[in-house]
Amino acid sequence: MPEFRRKDTTIYYEVYGEGYPIVLFAPGGMRSSIDFWKKSEWNPITTLSSHFKVIAMDQRNAGKSIAPINASDSWRVYTEDHIALLDYLGIDSCHLLGGCIGGPYCLGIIKADPKRVGAVVLQQSIGADNNKDAFYELFDSWAEEIKHRHPNVTEEEWNQFRSNMFDGDFVYNVDRHFVSQIKTSMLVLMGNDVYHPEIISREIADLAPNAKLIEEWKNPEEHNTIETVIQFLKENTSVAKP
């Protein structure tokens, strides 16, 4: 079983195909894990692995990945996991594709190490739009499932962790000014529900200088979603670092 260990954290990942690498961050909120791609509108593991080296992963305390819980946990610790995994796999440059919570994960890597990212696909990114209660409920249901593995973590620590994740504005881990400065090419597949607000996708696409918004994509065959994504990634592979 492919695992990467960083201190007390074990990250499970899988690698498919060959070529320029693309790292996937799955939907599922705090449960973000590889299996969620099977439930998605399209599965980038199966569709992209014949064109790229696809790296998929389970986020900490989701799927087969395990990690401690601390009151100081936030988006930052997830970005640290992602950067550390890239280092471990020897990936100096890659594309990113994030669904749902994977949107902020992608933006976090761009902020931490922009030269490492060739291009990004954001698939209905989560974001703040009078929906904090909905994300609190998702966090709490996930926490209840794993609390037995963390008996020493207090309710106050769980609540602080939850606040660190979902009390922010916009896309939580970066602000609008940062997004307006992103030079990386981005393809934004628009969201349209309480967890993936349309306004967030539109703001990202409006702010980022090199972003393109795709409004209709959830019926991949009708809207040529897969072909559009592959073409976008290939075009940006030619200008990315080898």
When the side chains of residues 75-86 are checked against the rest of the protein, which donor-acceptor pairs come out under 3.5 Å, sequence neighbours left out?
unit_1 : atom_1 : unit_2 : atom_2 : d
W75    : NE1    : M165   : O      : 2.8
R76    : NH1    : E80    : OE1    : 3.4
R76    : NH1    : E80    : OE2    : 2.8
T79    : OG1    : W75    : O      : 3.4
D81    : OD1    : R6     : NE     : 3.4
D81    : OD1    : R6     : NH2    : 2.7
D81    : OD1    : R60    : NH2    : 3.1
D81    : OD2    : R60    : NE     : 2.7
D81    : OD2    : R60    : NH2    : 3.4
H82    : ND1    : Y78    : O      : 3.2
H82    : NE2    : Q59    : OE1    : 2.8
H82    : NE2    : Y78    : O      : 3.4

**Message:** Run the side chain to side chain contact (heavy atoms under 4.5 Å, CB included) test on N43 and K38 for me, step by step, so that the C-alpha distance in whole Å, both residues' side-chain angles and the decisive distance to 0.1 Å come before the verdict.
**Reply:** CA-CA 6 Å; N43 188 339; K38 299 174 184 177; 4.2 Å; yes
Considering all heavy atoms of both residues, which atom of [X] and which atom of [Y] are nearest to each other, and what is their separation?
| X | Y | result |
| --- | --- | --- |
| Y12 | P2 | CD1-O, 3.3 Å |
| I55 | P21 | CD1-CB, 3.8 Å |
| A62 | M30 | CB-O, 3.6 Å |
| R31 | E145 | NH2-OE2, 2.9 Å |
| A128 | G168 | CB-O, 3.7 Å |
| F232 | L187 | CZ-N, 3.6 Å |

In Å, rounded to the nearest 0.5 Å, how long is the span from [atom1] of [X] to [atom2] of [Y]?
| X | Y | atom1 | atom2 | result |
| --- | --- | --- | --- | --- |
| I214 | T225 | CD1 | OG1 | 8.0 Å |
| T9 | F4 | OG1 | CZ | 9.0 Å |
| T228 | W217 | OG1 | CH2 | 12.5 Å |
| I22 | I45 | CD1 | CD1 | 11.0 Å |
| F25 | C106 | CZ | SG | 5.5 Å |

Given side chains that start at C-beta, do those of [X] and [Y] come closer than 4.5 Å, heavy atoms only?
| X | Y | answer |
| --- | --- | --- |
| Y16 | L48 | no |
| L213 | S201 | yes |
| M186 | L122 | yes |
| S93 | Y20 | yes |
| N61 | R149 | yes |
| E41 | L189 | no |
| F170 | V179 | yes |
| Y195 | L138 | yes |

Should Q231 and E227 be marked as a side chain to side chain donor-acceptor pair (under 3.5 Å) after you check the CA-CA gap, both sets of side-chain angles, and the distance that decides it? CA-CA 6 Å; Q231 180 180 355; E227 292 82 357; over 6 Å; no
Are more than 12 heavy atoms from other residues, nucleotides or ligands located less than 6.0 Å from atom [atom1] of [X]?
| X | atom1 | result |
| --- | --- | --- |
| N130 | CG | no |
| R176 | CZ | yes |
| K218 | NZ | yes |
| K183 | NZ | no |
| H148 | NE2 | yes |

One pair to check against side chain to side chain donor-acceptor pair (under 3.5 Å): W42 and Q123. What are the steps and the verdict?
CA-CA 11 Å; W42 63 292; Q123 178 175 303; 2.8 Å; yes
Is it possible for you to check whether K132 lies under 6.0 Å from the centre of the six-membered ring of F135, through NZ or CZ, and within 45° of that ring's axis? no
Does either side chain, that of Y136 or that of D167, offer a donor lying less than 3.5 Å from an acceptor on the other one?
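Yes, side-chain donor-acceptor contact under 3.5 Å.
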Check: Can R162 and E155 be said to form a salt bridge (charged side-chain N to carboxylate O under 4.0 Å, His left out), step by step?
Finding: CA-CA 10 Å; R162 183 183 64 190; E155 283 302 310; over 6 Å; no
hydrophobic_cluster_shared for F36 and V194, side chain cutoff 4.5 Å
no
_Between I69 and I66, is there shared hydrophobic-cluster membership here, with clusters defined by ILVMFWY side-chain heavy atoms closer than 4.5 Å?_
no
